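I have placed the structure first, in the form of structure tokens, so that the comments after it can refer back to it.
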Amino acid sequence: MAACSFRRSIASQLSKILDLPPENLIKSISAVPVSKKRLIPADFQLSIDSITEDSSSDHSAQDLQLRAQMLAEKLKCDAVVTEISTGPGTVNFMINRELLAKTVLQQVLKDGSEYGIKSELFSTVPRQKTVIEFSSPNIAKKFHIGHLRSTIIGNFIANLKVALGHQVTRINYLGDWGMQFGLLGVGFQQFGNNEKLKSSPLQHLFEVYVQINKAAEDENTKKLAKDFFRKLEEHDEQTLSLWKQFRSFSIEEYIRIYKRLGVHFDEYSGESFYQEKSQEVLKMLEEKGLLQKTMKGTGIVDLSEKKDLSSFSTVMRSDGTSLYITRDLAAAIDRMNKHNCDTMMYVTDKSQSNHFQHLFQILKLMGYDWAERCQHVSFGLVQGMKTRRGEVIFLEDVLDEARSRMLQNMASAKTTKEIENPLETAEKIGLAALIIQDFQGLLSSDYQFSWDRALQSRGDTGVFLQYTHARLHSLEQMHGNEQLTDVNVACLQEPEAISVLQHLLRYDEVLYRSSQDMQPKHIVSYLLTLSHLAAVAHKTLLVKGSAPELAQVRHNVVMWLKSVWGTQGVLRYGSVRPALELLREYAPSG
Ligand code: ARG
């Protein structure tokens with residue numbers, strides 16, 4: 001890895017002076033982020049703070065500056081480092097320009113789609129087994145924006161982990177059990193239609209559910225629903241077979257829709273799997289003396305430290321049946337038994353934070369030490385997402401809306417040419433726009449959704465990312481994509497070219513950050529900056545009309561960029577597919 005060989009070389013010199021092993025220093029040396037406004041006079045920096053172990057020492061800005069200067073004075077330039085300077089609390093290193101260009105070029109060529117991943121930053125990270133549960137909609141109920149966020153965030157984390165060599169199992173835990181199925185069953189007997197159930201199960205079941213809910217005021221309907229659910233719990237064959245149809249048709253349709261998002265699951269699990277196992281959980285809780293009965297007859301687990309019930313979780317209804325959390329307890333134990341994983345993740349919005357905290361606490365009380373390796377990846381709420389049909393009810397509506405709005409934008413763009421598959425192109429760009437908007441902030445932040453903002457062709461959007469990728473692709477097609485290793489890198493002196501190199505140097509650090517805190521925003525903002533740099537380079541580093549040697553090396557810059565884009569497939573870990581036809585049809589000025 002290019003950045004690594006430089007970091008190593010800087011670390012080895014520092015290690016002698018500071019008397020610290022180089023491995024301890026490598027992570028403290030970071031590539032300097034590229035600034036839009038000016039060319040930065042350094043490629044790497046060491047922050048003095050990060051190598052200070054003694055917490056009692058003076059950390060004032062003045063002191064840090066002084067120590068940076070003292071350290072810088074002891075360091076010498078060599079074949080790799082040509083300039084050493086200091087900044088506020090940092091020692092800065094500039095790499096030999098020719099070496100910088102050559103090394104980055106070779107590395108991009110050599111590592112291809114593994115660029116960044118092969119970095120030694122990851123060498124000390126143990127490869128792990130992860131079970132990640134995401135999406136998890138409820139049958140016959142709304143697929144809300146929270147489910148969409150869970151789907152794309154879970155997919156991102158799973159993809160990133162796989163790329164970094166971890167073993168990942170993706171689980172979709174459907175809301176496929178509970179009293180709602182009693183109502184749904186009765187509703188289907190009254191308003192159901194087998195043809196519609198087959199052709200559009202999600203919509204039909206939702207409609208039936210809405211209809212029967214209106215009728216549910218009526219005592220008789222309530223009783224019928226109760227009976228239906230009881231029969232279901234008793235595994236009455238006919239009742240169960242209808243429920244099975246609801247479930248399997250719904251899954252079939254989901255698989256088709258998830259495909260549009262590039263999302264897949266290894267397992268379709270669901271609450272229904274755990275109705276019996278949750279009874280075993282209740283028994284275990286009882287045996288361990290953790291289950292307490294309330295006056296009303298419900299079962300609770302005391303979660304307070306002082307055992308004064310100041311915090312508790314209800315795990316059993318008064319009729320002895322299980323609750324959402326009981327089924328989750330059973331599911332967690334089953335997952336761990338089956339997969340024996342190092343981490344177990346749950347991706348849902350933050351309104352369920354309490355639920356997961358309780359879940360992990362109870363598991364711990366039950367004596368499962370692995371509860372500490374369970375993690376709730378929570379995310380913020382989104383306001384204002386609407387589709388043609390109004391409030392979001394179906395995932396497919398959101399995907400269709402993104403596509404049709406993009407198609408409209410494309411049609412009104414001035415540069416309209418024939419395009420082979422406008423729908424597919426609009427879909428790829430529209431989904432990129434949706435995902436990039438979602439991934440731009442901290443996952444825990446709430447945000448206000450806006451189709452207009454997401455689909456802007458200028459500014460930091462998925463449309464801009466797709467456009468940059470398409471433009472680089474077409475340049476590559478125009479000038480050929482034979483990558484030469486013996487180009488004269490000495491002619492790459494323009495600040496625009498150096499900025500590109502400096503930015504490419506940072507990629508492994510960015511990947512590392514996202515892999516540590518599970519925040520897609522680092523990679524997204526990296527790619528957006530890369531797009532801006534590419535736009536500037538495109539204007540200033542002309543290939544056409546330049547002397548052959550210069551043209552050749554400049555074209556290589558295009559290919560490095562394209563190569564990193566190729567690695568990313570626009571946003572590889574978000575499963576965003578590149579829209580290569582974009583250029584022919586739609587050319588916003590980015
Ligand atoms: N089906 C649930 C809902 O829509 C989400 C499930 C989250 N996962 C879990 N293991 N509880 O709210």
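Fair warning: this is a prediction, and the values are worked out from it, not measured in the lab. In each ligand, atom 1 is the first atom listed, and ligand 1 is the first ligand listed.
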**Prompt:** After noting the C-alpha distance and the side-chain angles of K350 and D446, does the key distance pass the salt bridge (Lys or Arg N to Asp or Glu O under 4.0 Å) rule?
**Reply:** CA-CA 10 Å; K350 59 189 181 193; D446 302 338; 3.0 Å; yes

**Message:** With respect to E271, determine whether any N or O atom, backbone or side chain, lies less than 3.5 Å from an N or O atom of ligand 1.
**Reply:**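 Checking ligand 1 against E271, no N or O pair falls under 3.5 Å apart.
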
**Prompt:** Does NZ or CZ of R513 lie under 6.0 Å from the centre of the six-membered ring of Y526, at an angle within 45° of the ring axis?
**Reply:**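 Ring-cation test returns no.
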
**Item:** Region of Q352 that comes within reach of ligand 1 [heavy atoms, distance under 4.0 Å]
**Value:**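 It is the side chain that gets close, since no backbone atom is under 4.0 Å.
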
**Asked** Is ligand 1 under 4.0 Å from a heavy atom in the side chain of F356, in the backbone, in both, or in neither?
**Response**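 The answer is the side chain.
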
Students should be able to answer this: which protein heavy-atom is nearest to [atom], and at what distance?
atom: atom 1 (N) of ligand 1; answer: N138 OD1, 2.6 Å
atom: atom 6 (C) of ligand 1; answer: Y324 OH, 3.3 Å
atom: atom 8 (N) of ligand 1; answer: E133 OE2, 2.7 Å

With atoms numbered from 1 as shown, which atoms in ligand 1 lie under 4.0 angstrom from a non-hydrogen atom of [X]?
X: Y346; value: 10 (N)
X: Y173; value: 8 (N), 9 (C), 10 (N)
X: D328; value: 9 (C), 10 (N), 11 (N)
X: T348; value: 7 (C)
X: H147; value: 3 (C), 4 (O)

**Request:** State the CG-NZ distance between L240 and K244, to the nearest 0.5 angstrom.
**Result:**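 Nearest 0.5 Å value for the CG-NZ distance: 4.5 Å.
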
**Message:** So for H144, does at least one of its heavy atoms come nearer than 4.0 angstrom to any atom of ligand 1?
**Reply:**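 No; H144 lies far enough from ligand 1 that no heavy-atom distance drops under 4.0 Å.
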
**side chain to side chain donor-acceptor pair (under 3.5 Å), paired with H339, selected from Q167, E267, K129** =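 Answer after filtering Q167, E267, K129: E267.
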
Test item: side-chain donor near acceptor, [X] and [Y], under 3.5 Å:
X: Q203; Y: E207; value: yes
X: S272; Y: D176; value: yes
X: D438; Y: Y447; value: yes
X: H166; Y: D342; value: no

